Q: 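Got a structure here, written out as structure tokens. Questions coming.
Note that ligands are numbered from 1 as they come in the structure, with each ligand's atoms numbered from 1 the same way. In this text, all values refer to a predicted model and were calculated from it rather than measured experimentally.
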Amino acid sequence: MKNIVITGFMGTGKTSVGRRLAKELNLKFIDTDDLIEKKAGINIHEIFAKFGEGYFRLLESKVIHDISSHTGMVIATGGGAIVNPLNFEALKKNGTIICLTASIDAIFSRVGKGDERPLISQDDKREAISALLKVREPFYKKADFTIDTTAKSIGDVVKELLKIVR
Ligand code: S3P
């Protein structure tokens, strides 16, 4: 069975949905951000602060390259992973790519006030989300399927996903 790759912007529910979907399908769940943190031995926030985004992207590509040769898994990526065409191609080779989307308001309320997401940790978080979303949109459009998660529960989204993958 092909991998089910869940991608999309921060706060669209990739990890929660992916974990639940994997449980429903009895498949292994992998979150690329978790693997990156394990590899680095520090959390994402610290990777960005100490070594910068470039180093984070290097680890991200390495992790994606390593997992992409396997099949039969549910993979949740970080929000920027598929911007690199090599990452997209690697994930696509053995996987169906599903992009989760949400309105700016929903993303804003879901990501909260914390600074664990370095790319939107500035004071005007809403503006940062909106600007980054514009840049990311063309990449997210390359997904095989898109599900809008605005105003939907995790269970609702998983049901839609099951219809796609079954
Ligand atoms: C990022 C999203 C984050 C994490 C890192 C970079 C991005 O993952 O990979 O902070 O570039 O959009 P989530 O989308 O799981 O928050």
Q: Atoms of ligand 1 less than 4.0 Å from Leu119 heavy atoms?
A: 7 (C), 11 (O)

Q: So does Lys163 pair up with Glu160, basic N to acidic O under 4.0 Å?
A: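 No, no charged N to carboxylate O under 4.0 Å.
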
Q: For atom 12 (O) of ligand 1, what is the closest protein heavy atom, and at what distance to 0.1 Å?
A: Arg136 NH1, 2.9 Å

Q: Is the shortest distance from a heavy atom of His45 to ligand 1 less than 4.0 Å?
A: no

Q: Between Lys92 and Asp144, does any side-chain N to carboxylate O distance fall below 4.0 Å?
A: yes

Q: Against ligand 1, does Glu37 come closer than 4.0 Å with any heavy atom?
A: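 Judged by the 4.0 Å heavy-atom criterion, Glu37 does not count as contacting ligand 1.
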
Q: Who's the nearest protein heavy-atom neighbour of atom 2 (C) of ligand 1, and how far?
A: Gly79 N, 3.3 Å

Q: State whether the shortest distance between N or O atoms of Arg117 and N or O atoms of ligand 1 falls below 3.5 angstrom.
A: yes

Q: Who's the nearest protein heavy-atom neighbour of atom 5 (C) of ligand 1, and how far?
A: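 For atom 5 (C) of ligand 1, the nearest protein heavy atom comes out as Phe56 CZ, 3.8 Å.
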
Q: NZ of Lys159: more than 12 outside heavy atoms within 6.0 angstrom?
A: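 For Lys159, atom NZ is not crowded (no more than 12 foreign heavy atoms under 6.0 Å).
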
Q: Counting only nitrogen or oxygen atoms and a 3.5 angstrom limit, does Lys14 reach ligand 1?
A: yes

Q: With a cut-off of 6.0 Å (strictly less than), are more than 12 heavy atoms of other residues, nucleotides or ligands near CG of Asp124?
A: yes

Q: Are the side chains of Ile147 and Thr101 in contact, using a 4.5 Å heavy-atom criterion?
A: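 The answer is no; the side chains never approach within 4.5 Å.
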
Q: Tell me: protein heavy atom nearest atom 8 (O) of ligand 1, and distance?
A: Asp33 OD2, 2.8 Å

Q: Output the list of atoms in ligand 1 that are nearer than 4.0 Å to some heavy atom of Pro118, sorted by atom number.
A: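 Taking each heavy atom of Pro118 in turn, ligand 1 has 10 (O) under 4.0 Å.
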
Q: Please check if atom NZ in Lys23 has more than 12 non-hydrogen atoms from other residues, nucleotides or ligands closer than 6.0 Å.
A: no

Q: Consider only side-chain N and O atoms of Asn3 and Thr71, and report whether a donor and an acceptor are under 3.5 Å apart.
A: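 No.
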
Q: To which protein heavy atom is atom 11 (O) of ligand 1 closest, and what is the distance rounded to 0.1 Å?
A: Arg57 NH2, 2.7 Å

Q: Of all the non-hydrogen atoms in the protein, which one sits nearest to atom 7 (C) of ligand 1, and at what distance?
A: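 Nearest neighbour among protein heavy atoms for atom 7 (C) of ligand 1, to 0.1 Å: Gly80 N, 3.2 Å.
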
Q: Would you say the side chain of Asn84 lies within less than 4.5 Å of the side chain of Ser61, judging by non-hydrogen atoms?
A: yes

Q: For ligand 1, does Thr15 get within less than 4.0 Å through its side chain, its backbone, both, or neither, judged by non-hydrogen atoms?
A: neither

Q: Give the atoms of ligand 1, by number and element, whose distance to some non-hydrogen atom of Ile44 is under 4.0 Å.
A: 5 (C), 10 (O)

Q: Would you say that Arg110 contacts Thr149 through its side chain, given a criterion of any heavy-atom pair below 4.5 Å between the two side chains?
A: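 Yes, their side chains come closer than 4.5 Å.
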
